[in-house]
Amino acid sequence: MRNRGKGKGSPKEKDATKSESGPSKKLTLDDLPTVEETKLKETTAQMMIIFLVLVMLYVVSFCLRLFSVIRYESIIHEFDPHFNFRATKTLVYDGVEAFYNWFDTLVWYPLGRWVGHTVYPGLMLTSGAIYHTLHFFHFPIDIRNVCVFIAPLFAGNTALVTYILTKDCWDSGAGLIAAAFVAVVPGYISRSVAGSYDNEAIAIFAIINTFMGFVKSVKTGSMMWACYAAIAYCYMVHAWGGYIYIINLLPVYTYGMVLIGRYSHRLYVAYSTFYVLGTLFSLLVPFVGFAAVISNTHMAAPIVFALLQFHNLMDFMRSHFGDHFGAFFKKAVYFLVLSCVGLFVVALALGIVDITKTGRFFYMLNPAANTIPIIASISEHQATPWTSFFFDLSFLVLLMPVGMFFCFKEWTDGSIFLLTYGITATYFGCVMTRLILVLAPVTCMLAAIGVSRTLSLFIRDSVRSKEDESERGVGGNIVSKVMAIICTGLFSALFLFYVVHCTWITSEAYSSPSIILQANHGGQRVIFDDYREGYFWLQTNTAPDAKIMSWWDYGYQMASMSNRTTIVDNNTWNNSHIGTVGRCLASSEEDCYRILRKLDVDYFLVIFGGFIGYSSDDINKFLWPIRIGGSVYPMIKERDYLSDQGEYRVDSGASKRLMNSMMYKMCYYRFGEVQNYGVPPGYDRVRNAEIGRKDFKLTKIQEAFTTEHWMVRIYKVRKEPNRG
Amino acid sequence: MSNDAKSIFGAFKKSYDANTSQTLRVCDAFIVFFLLNCLVLFAYCNIVGSFPFNAYLGGLFANLGMLIFTVSLRMQAAPANKPQFRECTIQSSFCDYCLCSILLLFTAVHFMG
C-alpha cells in the first residue's frame, strides 16, 4: 500500500527532496490509506478474541439490567408487562390452542376482549418455549422468573446480531465496537431491564436479526439468506407492531438503490424472495391478518416489488433487443402506467384500497396533526426533547455523523443500508420519545464505524511503524507515534466515560419498577409498596365476580394482581368506553352513580399522591379524563374545570365543577383531617396547596380501603335502598 | 405500428433463440406457466368473488413465490451473471431453491384452510 502511494506522488517529490526522506517530505492524499485497506481481515487468533469478547458482552448486558431485581425483588414492572404476564400464564397453563382462542371476560366489562386475535403473541410464545424447555430438562423455574429475565437474555442476542450486521457492512473491528456499544446503551436498556416484560424486549433483537439476514442476502445474492430474513421477519411480526418499520424501510432501501444506479441481480433476488415469503408469513399472525396485503400502511412493499419486476423485465428485454429497445420501452411504459392507474381507480371504487389518513401510523409521518386525545395523552408519544438524546445515547450522538460520513465516502450495499436505516430512525426518534429505542442500535452501529475508521489510523500506524522505518526512514508515518498513543488514550477515556454514564443512568433512571417506590427520608430509605397493598386488598376482600372501575392506566395491573374484572385497561381499544369512565370521574356524585349502576360497578379505585408527594397520581392526570370524556360526551367541557383565570387549581380558587366532581371527592375524602408536620391540615404535597373543599360527605359511595400512604383509595358503590 | 411490433418481436425471438441454453429454456417455461396461473387466479377471484380470502391468498402466493424463485434460480444459473453472484455455485442455488419452495408451499397449503 505504501509503495503504491509513494509511486503515484513520488515523481514530484523525488526531484525536490532527493537525498532525505525525513520530516520535510511532503505527504499527498495518495499516501493516506484507502478505506478498504483499513478494514480488518480475520485470522484465527482474532476469531478467538472475537468469541471471547462476545461472551463477555453477553454477561455484561445481562448483569447490567439486574439493578431492580437486586434492590427490590424479581417482579414485573410498569403496566403493559402485567398483561403480557397474564397472557403468558394462560399460554403456559392452558396450551397454545386455548391461547389463540382466548376470549377474556375479565376485562372491558361488559364487552370483553378477544385476546387471541388482538395481541402480538411472539413474547408469550418465546417465554412459553423457554419455560417448557427448562422444565423438560427438569429445571423447575417459575414462569414469573422466566418472564422477568427474558429481556436481559435477549440483550446479549441483540449484541451478537449487531456484531454480525456491522461486520457485513464494514468490518469485524467495527462490529465488536458496535456490539459493545449496544450492550450497554441506555436507549435500549430503558425498555429491557429485568422485569420489563414488554414486546420491545425481544423486538429489537428481531429487527436487527431481520436486517442482518437481508443485508447478507443482498451481499451474497443467495436465496437462503433471504429465506432466513423472511423467517426472522415472521418472528418480528409475531413480536411487535413495529414490524411496519421493516416492511416500509426495506422497499425504500431497495428502490433507493435502484434510483441511484446500484441495481444488481443480487438485490432483485434478495428483495423479491424476502417480499413473497415475508408477506406470506406475516399473514400468519391473527392480529395482522389480511391487513398485511390490503392495508394502506403496507402498500410500499408490493409497489416496490412490482416496480422491481418491471425493472428486471426491462433489463432482460434490453439484453435481447439491442437497438430496438428504445421503441419497445416507450410502449411498455405507456401500457404499464395506464394499467396501474386503471387498477388503482377500480380498487378505489370497489373499496379495496382505503386512503384515510388517521391513526398512529400517519401521526408518525405527520406529527403536527395530533388530533386524537388518547394517542396525545400518552407521555411516551410526545416529541423527544433534545436532552433525552444525550441522556439515552451519550456521546454516540456525536460519533454517529462521523460514521455516516464514512459510509457516504465508501458506498457499498451494506453502508447504504446503514445510512437509510440511520436517517429514517433519526427522524422517528425525533417524533416520539418511545422511538429512541429504534434509534439506539443504529446509532451504535454508525458510531462504531466512525470510531473504528478513526482509530484505525492511529493504531495501524503505531503497529506498522516498525516495518516501515526500515523502508522509508524515520518519521515517514502519517501520524507520529506519540500522537497515536495520545489519541488512543483519549478514545479509551471516552469509552470509559460512556460505560460509567450508561451504568449510572441504568441505576438511577431506568431500574424503577414503577409499582414500588422508594424515597430517602432523613438518611433512611422508605419503601412505598402501596400499589400492591391496594391490589392485594382487592384480591382478598372482594367477591370473586366484583367489578372494579379505575382510570385505564391501572387496568392491566389490577387484572393481573387482584384477579378481578376491570372496566377499562391499557389496551385502549374502545374510546367510548374510556370516555364513559372519564365522564364518570368528571361528573357529580349523582350523575356518576347512574353510570356506575349501569355498568354494574362494585368498587372504584383512584390513585392519590398528595399525602407523600407522588406526582403521577390521578389528580395530576385529571385533565386527560376530562378531555377524553369530552371527546365522546360534548357536555363535558375542559374550561369548566379550570379556575376563573384559566389555571388548573385544587385550592380555594378551584372551579366549582372541579370541586364537585367525583375525582376530587374520592381523592380528598377526609384528607382535610390530615395534619402533617409544618403545614396546614389538608395540604396537598404535589400541588403544593391547601385543598379548597375539606368537609364533605359521600352519599352514593363509601370508603372501603385506603393504603398506608394514602396512595390507593378504594371506594365501595352503595346499592340502592330497598323500596317500601 | 404493427410492422414495428412485428419487427421488434422478430428481433427478440432471434436473439432469444440464439443465446438461451436448454436449462434456461426449462426455467423460462416454468416462469410462463406460473405467470399464467397467477393471472388466471386473479381473474377468477375478481369474477367469482374473493371468499374464502385466505385460500385465494394461499394459491396466489404459492404461484407468485414459485415464479420469483424460478426467476432467481435462472438469474443465478445464467453464466452471464456470474460476476454478480461470486459465492453461489449452481448446486447451492438449487438447494436454496428447494428450501424456499418447501417453506413456501408448506405455508401456502396451511392457508388453504
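It should be emphasised that the depicted structure is a prediction, and the values quoted were computed from it without experimental measurement. Proteins come first, then strands; the chains are lettered A, B, ... in the order of their sequence lines, and each starts at number 1.
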In terms of the angle between their ring planes, are W114(A) and H117(A) parallel, tilted or perpendicular, with boundaries placed at 30° and 60°? parallel

Taking heavy atoms only and a threshold strictly under 4.5 Å, list by residue number the residues of residues 275-288 of chain A that touch chain B; give 'none' if the list is empty. V276(A), L277(A), T279(A), L280(A), F281(A), L283(A), L284(A)

Look at the side chain of K216(A) and the backbone N and O of D168(A), then say whether any donor-acceptor pair between them is shorter than 3.5 Å. no

Where on Y97(B) is there a heavy atom nearer than 4.5 Å to chain A: the side chain, the backbone, both, or neither? both

Who among M224(A), H265(A), R266(A), Q309(A) has the most heavy-atom pairs with chain B under 4.5 Å? H265(A)

Chain A contact residues among residues 30-40 of chain B, heavy-atom distance under 4.5 Å: none

What residue in M75(B), R86(B), E87(B) has the most heavy-atom pairs under 4.5 Å with chain A? M75(B)

Run the salt bridge (Lys or Arg N to Asp or Glu O under 4.0 Å) test on D17(B) and K13(B) for me, step by step, so that the C-alpha distance in whole Å, both residues' side-chain angles and the decisive distance to 0.1 Å come before the verdict. CA-CA 6 Å; D17(B) 283 337; K13(B) 196 166 183 333; 3.3 Å; yes

Anything under 30° is parallel, anything over 60° is perpendicular, the rest tilted; go ahead and classify Y253(A) against F417(A). perpendicular

Under a 3.5 Å threshold, yes or no: a donor from one side chain and an acceptor from the other, between Y268(A) and D315(A)? no

Quick one: do the Y233(A) and N209(A) side chains pair a donor with an acceptor below 3.5 Å? no

Can you say whether Q76(B) sits under 4.5 Å from chain A via the side chain, the backbone, both, or neither, judging by heavy atoms? side chain

By ring-ring contact (aromatic ring centres under 6.0 Å, His included), which residues pair with H110(B), not counting sequence neighbours? none

Begin with the C-alpha distance, continue with both residues' side-chain angles, and end with the deciding distance and a verdict on ring pair (Phe, Tyr, Trp, His ring centres under 6.0 Å) for H298(A) and Y243(A). CA-CA 10 Å; H298(A) 292 79; Y243(A) 74 91; 5.7 Å; yes

Y271(A) side chain to A301(A) backbone, donor-acceptor under 3.5 Å: yes

From D413(A), N312(A), V258(A), residue fulfilling side-chain contact (heavy atoms from CB on, under 4.5 Å) relative to L267(A): V258(A)

When rounded to the nearest 0.5 Å, the distance separating CG of L57(B) from OG of S50(B) is 9.0 Å

If I measure from the heavy atoms of chain A, does L99(B) come under 4.5 Å with its side chain, its backbone, both, or neither? side chain

Please classify the contact of F305(A) with chain B as side chain, backbone, both or neither, using a heavy-atom distance under 4.5 Å. side chain

Residue from A230(A), S272(A), A226(A) scoring the most non-hydrogen pairs under 4.5 Å with chain B is S272(A)

Under a 3.5 Å distance rule, please check whether N81(B) uses its side chain to pair with a backbone N or O of A77(B) as donor and acceptor. no

Partner set under ring-ring contact (aromatic ring centres under 6.0 Å, His included) for F61(B), not counting sequence neighbours: none

